[in-house]
Amino acid sequence: MPTHFAIPVPEDYSLKRDACSYGYFLLRPNHWDPRSERLTRVLELEGGPATITIAQPREDGKRGPARISKASHFTRGADLACVSDRRLARREVTEASGLIARMLRLDEDAATIRAYHRVDPRFKGLGRGRLFRSPTLFEDVIKTVTSCNVQWPSTVVMNERLCEVVGDGGAFPSARKLSRARASTLRARCRVGYRDKRIVELAGMFASGEIDPHWCEDPATSDEDLRTFLIGLPGIGPYAAANVMQLLGRYHLLPLDTESVRHGKTILGMEGTDKAIMKMIDKHFAPFGAHAFRSYWFELWEFYENKRGPSWTWERETTGKTFTASQF
DNA sequence: GGTAGACCTGGACGC
DNA sequence: GCGTCCAGGTCTACC
């Protein structure tokens, strides 16, 4: 028997806009259905895995998904309507709500997004500001490692295989489970290549508490300490560290990669070596200060959307597998 | 501190 | 169908 529960959201929240705001929404175990505009994924809860479907009913009570209008700037956020595929205990509802809140960045209220739009008004029209992430820091870190040194389609495959081969009931594997996996299994069956040992090692560090998510998520932890710590982890270099930082809500650093160079050359008209262009991009976005990554990312996102339509219309199995700009 | 080359996979290309 | 080349970020060895 399913359990229905609601999650309150900030007044400007739009599920389709704010969930489909970063590539991870296209990675397993996440599944966005563009037709029903619902997000479904398996969550590992106290009583075992449960498939949760999240929707945002229209505020006006009419049938069909909520609409986003450029003219009105925001849809007024109706509470999220969630349903599980099995009965959940009260504690599990609380647990699931917390994980969903992390994933959908419900902690960033309307005032936070307004503060960003004061710095960069270009994205005020659609109300963009929140960036989708995973329910746990562990999943964010592993997803980041699977995105290094590969084209996007390989990242899609790695996450698909990790969930199928190691995860319980299609869930993203827990740190404990992944730390017990054989590196050779990850390489052969999950196609993670040379990342195999690094992933097992990272999982072991999370499982043992050597990596403490609370310390990483704590606003009292300085940016400098956090970056130094992250960059010391296996498989995490300057790009991955900056990406994990933005996933932790620290937007001042830019994870610069070949996509950034392409953006610098084709959109911003920069010229020079890749290294020189990366420096120019850093300088270009520096005026956005603590919000630099948001501005950088939504520029890139706009480029993808101009090619492939609004992100909430992308299918995981088609557009979602080819959306890296180099594929256009 | 800076740089070259290895790491692995999948796709593109030529034969 | 097979072999070769290339792209991608991190890591290590070396200067």
Side-chain angles (χ1 to χ4, degrees), chain A residues 22-24 26-28 134 137-166 178 181-206 210-211 216 224 226-248 250 253-267 270 272-282 293 296-297 300 303-304 307-308 316-328:
Chain A
Y22 191 65
Y24 289 5
L26 295 163
L27 297 179
R28 295 274 183 101
S134 303
L137 175 63
F138 172 66
E139 185 176 328
D140 273 339
V141 169
I142 300 299
K143 277 186 159 55
T144 298
V145 170
T146 65
S147 73
C148 291
N149 203 26
V150 283
Q151 307 272 10
W152 180 252
S154 295
T155 303
V156 173
V157 169
M158 284 185 230
N159 281 276
E160 191 176 299
R161 305 295 293 159
L162 282 170
C163 294
E164 280 176 12
V165 175
V166 191
L178 204 47
R182 285 187 189 172
S184 57
T185 304
L186 299 187
R187 178 178 294 224
R189 298 186 60 197
C190 304
R191 312 269 173 83
V192 301
Y194 66 89
R195 298 163 197 78
D196 55 356
K197 292 188 187 71
R198 295 171 192 177
I199 288 174
V200 172
E201 207 177 330
L202 279 168
M205 293 170 88
F206 271 95
E210 198 177 332
I211 298 174
C216 296
E224 207 177 313
L226 183 57
R227 185 176 183 276
T228 304
F229 174 72
L230 291 172
I231 223 159
L233 299 177
I236 307 290
Y239 163 82
N243 197 54
V244 173
M245 297 275 285
Q246 70 84 6
L247 290 163
L248 284 165
R250 301 182 189 235
L253 289 177
L254 303 182
L256 297 176
D257 59 5
T258 50
E259 267 299 277
S260 322
V261 174
R262 178 206 55 74
H263 186 71
K265 283 179 180 170
T266 62
I267 305 297
M270 295 170 174
T273 63
D274 287 5
K275 203 170 177 180
I277 287 174
M278 285 187 182
K279 276 190 178 174
M280 285 184 241
I281 292 172
D282 256 334
F293 178 77
Y296 160 79
W297 182 254
L300 279 181
F303 172 79
Y304 300 144
K307 298 279 185 185
R308 293 295 175 96
R316 184 176 68 187
E317 302 306 321
T318 53
T319 316
K321 285 193 174 172
T322 61
F323 89 102
T324 303
S326 58
Q327 308 276 333
F328 289 124

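It should be emphasised that the depicted structure is a prediction, and the values quoted were computed from it without experimental measurement. Every chain is numbered from 1, with letters handed out A, B, ... down the list of sequences.
Rounded to whole Å, atom P of B:dT9 lies 13 Å from atom CG of A:Leu162. When the C1' atom of C:dC6 is taken as reference, atom CG of A:Asp274 falls 15 Å away, rounded to whole Å. Distance A:Tyr194 OH to C:dT12 P: 12 Å, rounded to the nearest Å. Between A:Asn149 atom CG and B:dG10 atom P the separation is 13 Å, expressed in whole Å. As a whole-Å value, the separation of A:Leu202 CG from C:dG9 P is 18 Å. Counting to the nearest Å, the C1' atom of B:dA6 and the CZ atom of A:Arg198 are 10 Å from each other. Atoms CH2 (A:Trp152) and C1' (C:dG8) sit 14 Å apart, rounded to a whole Å. Computed from coordinates, the A:Tyr239 OH to C:dG8 P distance equals 12 Å when rounded to whole Å.
Here A:Thr258 reaches the OP1 or OP2 of C:dG8: one of its side-chain N or O atoms lies under 4.0 Å away. The side chain of A:Arg195 places no N or O atom within less than 4.0 Å of a non-bridging phosphate oxygen (OP1 or OP2) of B:dC7.
Checking B:dT9, C:dT10, B:dT3 against every side-chain atom of A:Arg187, the shortest atom distance belongs to B:dT9. Here the nucleotide nearest the side chain of A:Cys148, chosen from B:dG10, C:dT10, C:dG8, is C:dT10. Side chain of A:Arg191, nearest nucleotide from B:dC7, C:dT10, B:dG10: B:dG10.
The residue A:Leu256 sits apart from the nucleic acid: no heavy atom pair falls under 4.0 Å. A:Asp196 comes within 4.0 angstrom of no nucleic acid atom, judged by non-hydrogen atoms across all strands. Counting non-hydrogen atoms under 4.0 angstrom, A:Lys197 reaches nothing in the nucleic acid.
In summary, A:Lys265 and A:Asp274 engage in a salt bridge, as defined by a charged side-chain N under 4.0 Å from a carboxylate O. Under 4.0 Å is where a charged nitrogen must lie from a carboxylate oxygen, and between A:Lys197 and A:Glu201 no such pair does.
Ring-plane geometry between A:Trp297 and A:Phe293 is classed as parallel, the angle between the planes falling under 30 degrees on a 0 to 90 degree scale with a further cut at 60.
With hydrogens and angles ignored, the 3.5 Å screen pairs no side-chain donor or acceptor of A:Arg227 with any backbone N or O of A:Glu224. A donor-acceptor pair under 3.5 Å links the side-chain atoms of A:Asp140 to the main chain of A:Ser134, judged by distance alone.
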